[in-house]
A.B. asks: 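Starting off with a structure, shown below.
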2 protein chains.
Amino acid sequence: MANKAQDESVTAKLTINDIARMAGVSKKTVSRVINRSPLLNAQTRERVEAIIRETNYVPNPQARALALGRNFLIGMVYDNPNQQMILSMQRGVLEALHDTEFELIVRPVDRGSARVMDDIRGFIVRQRLYGVIILPPLSENDRLAQLCDNEGCRYVRVGSAVLDDNEHMVVSNDRDAVAEAVRHLIQQGHRRIGLIAGPHGFRSAKERRDGFELALAEAGISLPRSLIADGQYTFESGISASESLFDLSPRPTAIFASNDEMAAGVLYAARLRGIQVPEELSIIGFDDTPVTTRVWPPLSTVRWPIMAMGRAAALKIIGVAIGEGGQVSEPSTFSSTLIRRASVAPPSGG
Amino acid sequence: MANKAQDESVTAKLTINDIARMAGVSKKTVSRVINRSPLLNAQTRERVEAIIRETNYVPNPQARALALGRNFLIGMVYDNPNQQMILSMQRGVLEALHDTEFELIVRPVDRGSARVMDDIRGFIVRQRLYGVIILPPLSENDRLAQLCDNEGCRYVRVGSAVLDDNEHMVVSNDRDAVAEAVRHLIQQGHRRIGLIAGPHGFRSAKERRDGFELALAEAGISLPRSLIADGQYTFESGISASESLFDLSPRPTAIFASNDEMAAGVLYAARLRGIQVPEELSIIGFDDTPVTTRVWPPLSTVRWPIMAMGRAAALKIIGVAIGEGGQVSEPSTFSSTLIRRASVAPPSGG
DNA sequence: TTGTAAGCGTTATCAG
DNA sequence: CTGATAACGCTTACAA
């Protein structure tokens, strides 16, 4: 118990003044050590650092925040139906923040609301955020990036197209990945390939669709409008979209769904109709969420490195702060991989 | 642009001094208004409040944190394999925090590490957290609750058994829910029912097992040890656990898996062996995660109100702060519901 | 290279 | 009921 009390005091009560006194220097000197000021006698620095280490002193973030006008908090702003993605992104970010002085504060918003911008501005300004990580599709809003800039808040946008400079952007190349996936279907012999597109207002939906069309065009396969069905990135929309595709005659022999949830919907709808997968229908999804391996047959899909992107986004924001030289250029573009599972096979009829 | 600059100033630059000046009172009076001090002339209060409203003034949280020695941040601490649960819990908490001055800061930890306690203590103390919400199985650690108390940090534990007083606990009654689920199987005519238990060190695993055994005992059904298989709450462990159950002769006609991931594993394993669900095998899971409706057949499961519990946990922490009288007693025990889907049917052989 | 004084925006103390 | 004045713990001038 005595030990415990001691721990507390060590952790909580020590101030910069205590350290200054113990080190026989002024508090400003301690402050300089904390902030890695370059103009400091090496010996002085070491002495102070030693004491800091011994005492386990940690500067009070609230006081720093007040004095600096800036907090050591990173915000993650999002409004995305893909729960798995959000969580993976969080994990990636948290991994990068681990053992730093930064913490992550999560902020779902409603991008439909008339006050989103003001909400986010309020959030950033009030908390004096060090930086924000913006997830798609919110990240596609240039005004939001503007806003961050204006408020002097670092930001990184996560998205599927280059919308900003390197320092502010982490990109997955959805188009190429989908093109590869569709080429795979074509190689297997498929010619009538359906697309379940993502919702308007999602850049990823456009990119994936572009990739789809690209691969078909390359192979000289025409794409009647009827082979494209609109989806909302949800399981239910995947079901209804595939039903319209199933009504076609002849039926597509393969379907690329713009995300896994919808791909799971295709599989479900196929079962309802008694359509065998993959014998009568091949399916490819996108995201590589856990559901792809839970269903039968396991779904082929495109895996994108969500956690790595989250990590990179966080590092872009805190990189300079955690003293990694000046030019830590985190990679900005991440490539995806086609994961082949049992939901794809050559078409049966030919 | 001019408008924009104005907005900024309104949002960011106004201080308590400005308000004091405009209202013709001292800053302390304004402070009293902000903090809902009871000893205040009603007229003065109204005048100040009017100005605050007009100007859109928001007190600087960093300064408040420094002066109060306490931040307006709620921490969520967890180390749980159930990703869906974490996200739902986050959503519930965020719902309660919405439109308050509180923000949520997420903190995954490694409960296996020797330094968990110190990590968490550091987190709480350094950030001067207003409160923490502790998710299972971390919430089952009494020392952790102790620690929060010692550091003067409010806390709420989320769990499946009453481990603390009302003010500090939000509980789901897993045992009863599972008992109900198993009774349902028994009513359908099942007598050889297998259990895939959760991992040791999870109170929920014990509660669910207890509920399972309770229902069997009620019905006078004996439970040979061989009908109980150990799982880890993961899909993979569900597969391997069910394989040992499938090797039994006679085979169980139904399996209760202690969570949905493992239930999905059972279904998967059944498919690999050519066992028809639900004709030859009924399955019930726990959690009602999305996967239950993605697989075929959709899985019966137990739904527990994760979001509502997250909301309640958050309200228990901030309740008094957001001025809801003194005794807002949020409900503490939440009941679960059996969700019947197509994975359950009477046993075929009889 | 280091120290002194002033301030960041609130709240607590303690008179009036 | 209200208001000076001093904290809160740290940083940024500005000196020395």
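We name chains A, B, ... by the order of the sequence lines, and we start the count at 1 in each one. Atoms considered below: every heavy atom in the structure, side chains included; atoms not considered: hydrogens, waters and symmetry mates.
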A.B. asks: Rounded to the nearest Å, what distance is computed from the CD1 atom of residue B:I16 to the P atom of nucleotide C:dA12?
C.D. replies: 11 Å

A.B. asks: Go through C:dT11, D:dT11, D:dT2 for me and flag the one nearest to the B:T44 side chain.
C.D. replies: D:dT2

A.B. asks: When you check the phosphate oxygens OP1 and OP2 of D:dG3, does a side-chain N or O of B:S26 lie under 4.0 Å from one of them?
C.D. replies: yes

A.B. asks: With DNA chain C as reference, determine whether B:L66 or B:R32 sits nearer its 5' end, using the nearest nucleotide of each.
C.D. replies: B:L66

A.B. asks: Assuming nearest nucleotide by heavy-atom distance, tell me which of B:G24 and A:N35 is located more 5' along DNA chain D.
C.D. replies: B:G24

A.B. asks: In whole angstrom, what separates B:R21's CZ from D:dG3's C1'?
C.D. replies: 16 Å

A.B. asks: With a non-hydrogen cut-off below 4.0 angstrom, is B:V25 in contact with a base, only sugar-phosphate, or nothing?
C.D. replies: sugar-phosphate

A.B. asks: So, does the side chain of A:R128 form a donor-acceptor pair with the base of C:dG9 at under 3.5 Å?
C.D. replies: no

A.B. asks: List the steps and the verdict of salt bridge (Lys or Arg N to Asp or Glu O under 4.0 Å) for B:D119 and B:R111.
C.D. replies: CA-CA 10 Å; B:D119 280 359; B:R111 72 177 185 286; over 6 Å; no

A.B. asks: Please determine if a side-chain N or O atom of A:T15 lies less than 4.0 Å away from the OP1 or OP2 oxygen of D:dC8.
C.D. replies: no

A.B. asks: Test for a donor-acceptor pair under 3.5 Å between the base of D:dA4 and the side chain of B:K28, counting only N and O atoms.
C.D. replies: no

A.B. asks: Does D:dT2 have OP1 or OP2 sitting under 4.0 Å from an N or O in the side chain of B:T29?
C.D. replies: no

A.B. asks: Parallel, tilted or perpendicular for A:F102 and A:Y130, by the 30°/60° rule?
C.D. replies: perpendicular

A.B. asks: May I ask you to check whether B:T15 and B:K27 show a side-chain donor-acceptor distance below 3.5 Å?
C.D. replies: no

A.B. asks: Measure the shortest side-chain to side-chain distance between B:I105 and B:L129 over non-hydrogen atoms and say whether it is less than 4.5 angstrom.
C.D. replies: yes

A.B. asks: In whole Å, I'd like the distance from the CG atom of A:N71 to the P atom of D:dT11.
C.D. replies: 13 Å

A.B. asks: Rounded to whole angstrom units, what separation is found between the CG atom of B:L68 and the P atom of C:dG9?
C.D. replies: 16 Å

A.B. asks: Just how far, in rounded Å, is C1' of C:dT1 from CG of A:L40?
C.D. replies: 7 Å

A.B. asks: Please report the distance, rounded to the nearest Å, between CD in A:E101 and P in D:dG9.
C.D. replies: 18 Å

A.B. asks: Would A:R64 and A:N35 count as having a side-chain donor-acceptor pair, cut-off 3.5 Å?
C.D. replies: yes

A.B. asks: If the cut-off is 4.0 Å, is A:N17 near the phosphate of D:dG9, judged by side-chain N/O to OP1 or OP2?
C.D. replies: no

A.B. asks: Within this structure, what is the CZ-to-P distance between A:R70 and D:dG9, rounded to whole angstrom?
C.D. replies: 23 Å

A.B. asks: Respond yes when some side-chain nitrogen or oxygen of B:Y57 is under 4.0 Å from OP1 or OP2 of C:dT10, and no when none is.
C.D. replies: yes

A.B. asks: Nearest-Å distance, CD (B:Q62) to C1' (D:dT11)?
C.D. replies: 15 Å

A.B. asks: Between A:K27 and A:R45, just flag the one whose closest nucleotide in DNA chain C comes earlier from the 5' side.
C.D. replies: A:R45

A.B. asks: Side-chain N or O of A:R64 less than 4.0 angstrom from OP1 or OP2 on D:dT11?
C.D. replies: yes

A.B. asks: I'd like to know if the side chain of A:R128 reaches the main chain of A:L66, judged simply by a donor and an acceptor atom lying under 3.5 Å from each other, with no hydrogens or angles considered.
C.D. replies: no

A.B. asks: May I ask you to evaluate whether A:S31 reaches the phosphate of D:dC10, defined as a side-chain N or O under 4.0 Å from OP1 or OP2?
C.D. replies: no

